[in-house]
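Heads up, the thing below is written out as structure tokens.
Throughout, a chain's letter reflects where its sequence line sits, starting with A, and its residues are numbered from 1.
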Amino acid sequence: MARKKRLKLATYNVNGIGTRLPHLLEWLARERPDVVALQELKAIDEAFPVAALEEAGYGAIWQGQRSWNGIALLGRDSVPVESRRGLPGGDSDEQSRYIEAAVHGILVAGIYLPNGNPQPGPKFDYKLEWMARLARHARTLVEQPHPVVIAGDFNVIPTDEDVYDPKAWRKDALMQPQVREAFGRLLAQGWTDSLRQVHGDQRIYTFWDYFRQHAERDRGLRIDHLLLNPVLAPRLQAAGVDRWVRLQDKASDHAPTWIEVAAD
DNA sequence: ATGCCGTCCTTTGGACGA
């Protein structure tokens, strides 16, 4: 078999793996990503569809949780080699939001960053505290001599160019100044926001809520991100969003978001 | 201005999501 010239890395918030498994399998078959970070499994470990994914050609590691949260990493023809689950300093944190593994020669940190609404309040405080813990750990990842990507649902609208109507979302936790500053501090460590890097000033969204036909009208948010460390960033070749998945019946409110990097 | 819809189970309403 000819050696692949590119690797496709993707993140997809499925909003319930049980309900979304048919969508996930159809998307995997059509787009053939090499590495996938999943969020919002909303299922316990025992309910993860490991056999169906194996049948589809994907190895997986996952950390579930009843009802909420839950993350997984998939590797095409490969079982991810886990390096960590849960962020350092979160021994009392019961929420399944962080999983990290080596897949196809890349260290992949899959995250489901807390939403933080309503703000102000304890959930917003938890979001800021989680972002601080992420930043501390990310500092050790960014300087790795290996390629590293942080991929997932960040629940951060980085700028007003990343939301169809900033005024409508002004009070939302996803675009509060403290949240944007925390995301900015993360980028300042040396991470590349790959979708923005590839698309420049162009509008591109990864999430559309279920109301007012927002998906059909492309009134969305850019909140799913893939951040690359300085070793991986020069290999970035392409980036996009598989919006067709969001336009299907019974879709998740997020669409798969991906990049292609040169194989080393 | 708004969870208007969707998913889960703590199930037939409430909690949560963004």
Side-chain angles (χ1 to χ4, degrees), chain A residues 11-25 27 37-49 62-72 93-98 110-131 134 151-180 182-183 195 203-225 241 243 245-257:
Chain A
T11 177
Y12 181 24
N13 179 323
V14 293
N15 189 17
I17 189 68
T19 297
R20 218 67 62 203
L21 183 60
H23 290 78
L24 174 61
L25 293 174
W27 171 69
L38 298 177
Q39 304 87 36
E40 281 208 86
L41 302 179
K42 293 185 170 181
I44 58 174
D45 281 341
E46 292 75 13
F48 188 81
W62 63 95
Q63 184 180 36
Q65 183 180 332
R66 187 174 296 280
S67 303
W68 302 307
N69 310 317
I71 63 277
D93 190 345
E94 302 286 315
Q95 302 188 23
S96 296
R97 296 182 178 275
Y98 187 93
I111 77 166
Y112 176 47
L113 204 150
N115 171 296
N117 280 304
Q119 71 81 27
K123 292 189 175 182
F124 190 67
D125 295 341
Y126 172 68
K127 177 175 196 163
L128 294 178
E129 181 264 340
W130 202 94
M131 291 187 85
L134 175 63
D153 177 356
F154 281 65
N155 272 316
V156 175
I157 300 170
T159 74
D160 284 357
E161 312 306 309
D162 297 308
V163 47
Y164 67 92
D165 181 0
K167 268 182 268 180
W169 291 79
R170 196 179 81 256
K171 293 184 177 173
D172 195 278
L174 277 62
M175 57 177 282
Q176 291 311 297
Q178 305 100 299
V179 168
R180 286 182 166 173
F183 186 74
L195 260 77
R203 294 254 171 180
I204 186 160
Y205 302 130
T206 68
F207 165 92
W208 302 258
D209 70 28
Y210 286 119
F211 313 113
R212 298 160 295 229
Q213 295 188 298
H214 272 171
E216 292 79 0
R217 296 158 62 202
D218 198 21
R219 292 168 69 79
L221 315 176
R222 189 174 73 94
I223 56 177
D224 300 275
H225 307 301
V241 177
R243 188 161 166 246
V245 179
R246 176 64 182 89
L247 295 172
Q248 289 188 309
D249 281 344
K250 305 248 181 193
S252 165
D253 38 10
H254 297 251
T257 302

Rounded to whole angstrom units, what separation is found between the [atom1] atom of [X] and the [atom2] atom of [N]?
X	N	atom1	atom2	answer
A/Gln65	B/dC9	CD	P	11 Å
A/Ile17	B/dT7	CD1	C1'	13 Å
A/Glu216	B/dC4	CD	C1'	14 Å
A/Asn13	B/dC8	CG	P	12 Å
A/Asn15	B/dG3	CG	C1'	13 Å
A/Lys171	B/dT2	NZ	P	7 Å
A/Lys250	B/dG6	NZ	P	8 Å
A/Leu21	B/dT7	CG	C1'	15 Å

*Check the angle between the aromatic planes of A/Trp130 and A/Tyr98 and answer parallel, tilted or perpendicular using the 30° and 60° thresholds.*
tilted
*Aromatic ring pairing A/Trp169/A/Phe207, orientation class (parallel under 30°, perpendicular over 60°, tilted between)*: perpendicular
*Position toward the 5' end of DNA chain B (nearest nucleotide), A/Asn155 or A/Gly18*: A/Gly18
*Of A/Leu174 and A/Tyr210, whose closest DNA chain B nucleotide lies nearer the 5' terminus?*
A/Tyr210
Using the [atom1] atom on both, measure [N] against [M] and round to a whole Å.
N	M	atom1	value
B/dG6	B/dT12	C1'	16 Å
B/dC4	B/dC16	P	16 Å
B/dT2	B/dT7	P	24 Å
B/dA1	B/dG14	C1'	23 Å

*Around A/Arg170, counting heavy atoms of other residues, nucleotides and ligands shown, do more than 12 lie under 6.0 Å from its CZ?*
no
*Between B/dT7, B/dG17, B/dT2, which one does the side chain of A/Thr19 approach most closely?*
B/dT7
*Determine yes or no for a side-chain-to-main-chain donor-acceptor pair under 3.5 angstrom, with A/Arg180 supplying the side chain and A/Val156 the backbone.*
no
Could you check whether [X] gets within reach of a base, just the sugar-phosphate, or nothing at all, counting any heavy atom under 4.0 Å?
X	value
A/Leu221	sugar-phosphate
A/Ser67	base
A/Asp165	nothing
A/Asp172	base
A/His254	sugar-phosphate
A/Arg170	nothing
A/Asn69	nothing
A/Asn117	base
A/Tyr112	sugar-phosphate

*Distance in Å, A/Ile157 CD1 paired with A/Leu221 CG, rounded so as to fall on 0.5 Å steps*: 4.5 Å
*Look up atom CG in A/Asn155 and atom CG in A/Leu113, then write down how far apart they are to the nearest 0.5 Å.*
6.5 Å
Polar atom pairs (N or O), protein with nucleotides 11-16 of chain B, under 3.5 Å:
| residue | atom | partner | partner atom | Å |
| --- | --- | --- | --- | --- |
| B/dC16 | O5' | A/Lys123 | NZ | 3.4 |

*asked:* Using the rule given for side-chain contact (heavy atoms from CB on, under 4.5 Å), can you reason through A/Leu24 versus A/Leu38, listing the C-alpha separation, both sets of side-chain angles and the distance that settles it, and then say yes or no?
replied: CA-CA 10 Å; A/Leu24 174 61; A/Leu38 298 177; 4.0 Å; yes
_Evaluate A/Asp153 against A/Gln39 for side-chain hydrogen bond (donor to acceptor under 3.5 Å, both in side chains), listing each step before the verdict._
CA-CA 7 Å; A/Asp153 177 356; A/Gln39 304 87 36; over 6 Å; no
*Please check the phosphate of B/dT7 (OP1 and OP2 only) for any side-chain N or O of A/Arg20 closer than 4.0 Å.*
yes
_SB check A/Asp218 A/Arg203 (cutoff 4.0 Å)_ = no
